[in-house]
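Chain A is the first sequence line, chain B the second, and so forth, proteins listed ahead of strands; every chain is numbered from 1.
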Amino acid sequence: MEKMKRTATCGELSKEWTGREVTLNGWVHRIRDHGGIHFISLRDRYGVTQIVIDENAQEALRQKASELKREFCVAVRGVVRERPAEMVNPDMSTGDIEVQTKELEVLSSCDPLPFHIDEKSDAKEDLRLSYRYLDLRSFSMQRKIKLRTDATFAVREYLKKFGFMEIETPNLIKSTPEGARDFLVPSRIHPGKFYALPQSPQLFKQILMVSGFDRYFQIAHCFRDEDARGDRQLEHTQIDMEMSFVSKEDVFEVVEGMMSHVFKQTLDVDLETPFPRITYHDAMNLYGSDKPDLRFDLAMQDFASFAERSDFNAFKSVLQDGGAVKALLAPGCGNYSRKRINQLEEEAKIYGAKGLAWMKVTEHGLDGGVAKFFSAQAQEIIDSLGAEAGDLILAVADRWETACTSLGAVRSRLGKELELATPGTFRFAWIVDFPLFEWDEEDGRWEAAHHMFTMPQEQYLERLEEDPGSVKGDLYDLVCNGYELASGSIRIHDPEIQKRIFNIVGFSEEEAQRRFGFLLKAFRYGPPPHGGIAPGLDRLIMIMAQEDSIKEVIPFPKNNVGVSPMDDSPSLVDEKQLKELHIALDLPEEENTDQ
RNA sequence: GGGGGCGUAGCGAAGCUGGUUAUCGCGCCGGCCUGUCAAGCCGGAGAUCGCGGGUUCAAUCCCCGUCGCUCCCGCCA
């Protein structure tokens, strides 16, 4: 290798190199064999350079060239020469030169490929994951991984500049079962006991605040044993942050600055700051989501006042039961077929709506669907919604939350169908004033909407116990283009308030001590007021790369059922390993023989 | 736990209301070819139509079951 070590990359050669001898190392991207002359596109992660072996080459070299196959790893020594004007390839950054080969060495050969390594692979995801090393060779994947390292670097650069310390926290920690299901790791030294992998470094970063590291961050791996989604993996990466002596505005400022820096450095995009703030209630009410896609407006409107004056009993009875009626104006969709409207209705039903009412706006008023129930108010409705002939009005009546989310799903779908979002745009917003507690129907109790260490907003402190449902927390999400990008809060540092929260969610003193005792103990030693946030790195990169699955920006992701097709994890382990851990399997019968 | 979609050659797809040698593009193999850059031209190999069962004279197609993947609901403090 010494002799054939590269002196240039496949992306950097240009006319200025003309006449110089270079050695290139890379992979055979394409071969164009004309019999008498061979062209080889040699690829490395910096680019592609055309290698020529022509009639002047020695027979042995020509023979060697004719034996090359795609994706052989090779070294080439040759002279850079300018291409004749008519041979220049303007689509290639190195298109005005080529390398005339003097020596060619095959460093390793390559089996026939399972799929094409092209700009964008056409193989199915599962196959790509099985051969992830090949998939990652494509320029499109290389670009995304590069974006990821660049963005991560920009994060570190920014936070370092503002005095944040990058501190590692352990991956083997105590299981604190609340929230997501923990991944457990058995302890060999302590039979019957388990570590958990962190769902986030939450408790440790708060303890770091007690320790006085008043600005902390970590690019942290987090593990949650829940079902995966396009934007959710068993294992993901957070930009975990925590700060002392701050209010939420301070957190917002840091994150806005950080996002601006990252987008500028990597995409050369200027973000507008400060990001808009939207209350949870408004987000739900207007967009039917706590993570609205704000690249388009298409806001929902309240339809209750029309519903209650109509003859439409389906709507009126919902209102009498304290529900809500929401309407959405779908511009230019008045020509939608019954089938298409049904598809929208199905979308709404997934989120619990019982139906989707519709009527078309015509030059003469409202028509079709439920229009006949609203004929007396037709003009008023048209004016109020700002409707025009050719539009479609859609409405859902249900519990407020169901009405909002189901019609919100219709809104999202219309946004996609009508291509309302301009590609390459990024619309950030802070969602604020989340309720602190949620009522758990199943267990019949209040539970923390975020986590139990979230500070209630000050004005609610007095009636915490009286009306938990009305209490808003010092809680915030950062959303972008319809994704939740970050979630955070100001934490409780007052043991008295903490006790009251535990009390409301039905946590006994003993239970709190057993689970979080170490944190509560630390909080007896002068904890500073503090708060933080944790932007999801995978989702951030996904949005920046304009992908719609985080699997596209994670080097080695799991598939949707938690399997890594490349290394075939999870897998069975040796009896001996289990024995050492004092673990006996108790599998359902059929799965015993499963591999 | 539930719903939608998909499974046909190495890859991506087509295959009508069931009908005889299952089609196309890419790749692969062989040949030709001195300027290509998604090279071209000629020839060739390659398919238990995911798997099991059923209906039928006949199943890639219809039915039942099952496995795998994918998107979503639930779940994800």
Could you tell me how far [M] sits from [N] if I compare only their [atom1] atoms? Round to whole Å.
N     : M     : atom1 : result
B:U8  : B:C24 : C1'   : 13 Å
B:G46 : B:G52 : C1'   : 26 Å
B:C49 : B:A22 : P     : 11 Å
B:U55 : B:G65 : C1'   : 15 Å
B:U56 : B:G18 : C1'   : 9 Å
B:U34 : B:G27 : C1'   : 26 Å
B:C26 : B:C42 : P     : 11 Å
B:A13 : B:C75 : P     : 34 Å

Does [N] have its OP1 or OP2 closer than 4.0 Å to a side-chain nitrogen or oxygen of [X]?
X        : N     : answer
A:Lys551 : B:U70 : yes
A:Arg30  : B:A39 : yes
A:Lys124 : B:A13 : yes
A:Arg229 : B:C75 : no
A:Arg32  : B:U36 : no
A:Asn559 : B:C69 : yes

Figure out the [atom1]/[atom2] separation between [X] and [N], and round it to whole Å.
X        : N     : atom1 : atom2 : result
A:Arg43  : B:A38 : CZ    : P     : 15 Å
A:Glu59  : B:U34 : CD    : P     : 14 Å
A:Leu127 : B:C6  : CG    : C1'   : 15 Å
A:Asn89  : B:U36 : CG    : P     : 11 Å
A:Glu401 : B:C73 : CD    : P     : 14 Å
A:Glu67  : B:C29 : CD    : P     : 12 Å
A:Tyr483 : B:C72 : OH    : C1'   : 13 Å
A:Asp568 : B:C69 : CG    : P     : 11 Å

Under 4.0 Å between any heavy atoms, over every strand shown, what does [X] touch: base, sugar-phosphate, or nothing? Just pick one.
X        : result
A:Thr454 : nothing
A:Met92  : base
A:Phe453 : nothing
A:Val48  : nothing
A:Ala228 : nothing
A:Gln199 : nothing

[options]: which one has an atom nearest the side-chain heavy atoms of [X]?
X        : options             : result
A:Met87  : B:C72, B:C37, B:U34 : B:C37
A:Arg224 : B:C76, B:C26, B:C73 : B:C76
A:Lys69  : B:C75, B:G30, B:G35 : B:G30
A:Glu98  : B:U36, B:U34, B:C73 : B:U36
A:Gln50  : B:G1, B:U36, B:C11  : B:U36
A:Arg70  : B:C37, B:C76, B:C28 : B:C28
A:His116 : B:U36, B:U70, B:G10 : B:G10

- Quick one: does NZ or CZ of A:Arg143 land under 6.0 Å from the six-membered ring centre of A:Phe139, within 45 degrees of the ring axis? no
On the side chain of [X], is there an atom forming a donor-acceptor pair with the base of [N] - under 3.5 Å, no angle test?
X        : N     : value
A:Arg128 : B:C11 : no
A:Asp126 : B:G68 : no
A:Glu55  : B:U34 : yes
A:Arg81  : B:G35 : yes

Under 3.5 Å, which donor-acceptor pairs do the side chains of residues 514-522 of chain A form with other protein atoms, sequence neighbours left out?
| unit_1 | atom_1 | unit_2 | atom_2 | d |
| --- | --- | --- | --- | --- |
| A:Arg515 | NH1 | A:Pro177 | O | 3.0 |
| A:Arg515 | NH2 | A:Glu511 | OE2 | 3.1 |

Watson-Crick or G-U counterpart of [N], or none if no pair lies under 3.5 Å:
N     : result
B:C62 : B:G54
B:U21 : none
B:C69 : B:G5

- Task: By nearest nucleotide on RNA chain B, pick out whichever of A:Gly95 and A:Pro112 is the more 5' one.
- Result: A:Pro112
- Task: Take A:His451 and A:Gly230, find for each the nucleotide of RNA chain B with the closest heavy atom, and name the residue whose nucleotide sits nearer the 5' end.
- Result: A:Gly230
- Mind checking the CD1-CG spacing from A:Ile550 to A:Asp538? Nearest 0.5 Å is all I need. 5.0 Å
- How many angstroms lie between CE in A:Met566 and CG in A:Leu129, if you round to the nearest 0.5 Å? 9.0 Å
- State whether the aromatic ring of A:Phe39 stacks on the base of B:U36, taking stacking to mean ring centres under 5.5 Å apart and ring planes under 30° to each other. yes
- State whether the aromatic ring of A:His34 stacks on the base of B:G35, taking stacking to mean ring centres under 5.5 Å apart and ring planes under 30° to each other. no
- Checking A:Glu242, A:Met209, A:Met455 against A:Arg491 for side-chain contact (heavy atoms from CB on, under 4.5 Å), the one that qualifies is A:Glu242
- Message: Are there over 12 heavy-atom neighbours, none belonging to A:Gln513, within less than 6.0 Å of that residue's CD?
- Response: yes
- Task: Before accepting this row, confirm whether a basic side-chain N of the pair A:Lys499/A:Glu509 lies closer than 4.0 Å to the acidic partner's carboxylate O.
- Result: no
- Query: When A:Glu67 is tested against each of A:Gln63, A:Lys64, A:Lys69 for side-chain hydrogen bond (donor to acceptor under 3.5 Å, both in side chains), which residue passes?
  - Reply: A:Gln63
- Task: Flag the pair A:His530 / A:Phe523 as yes when their ring centroid distance falls below 6.0 Å, and as no otherwise.
- Result: yes
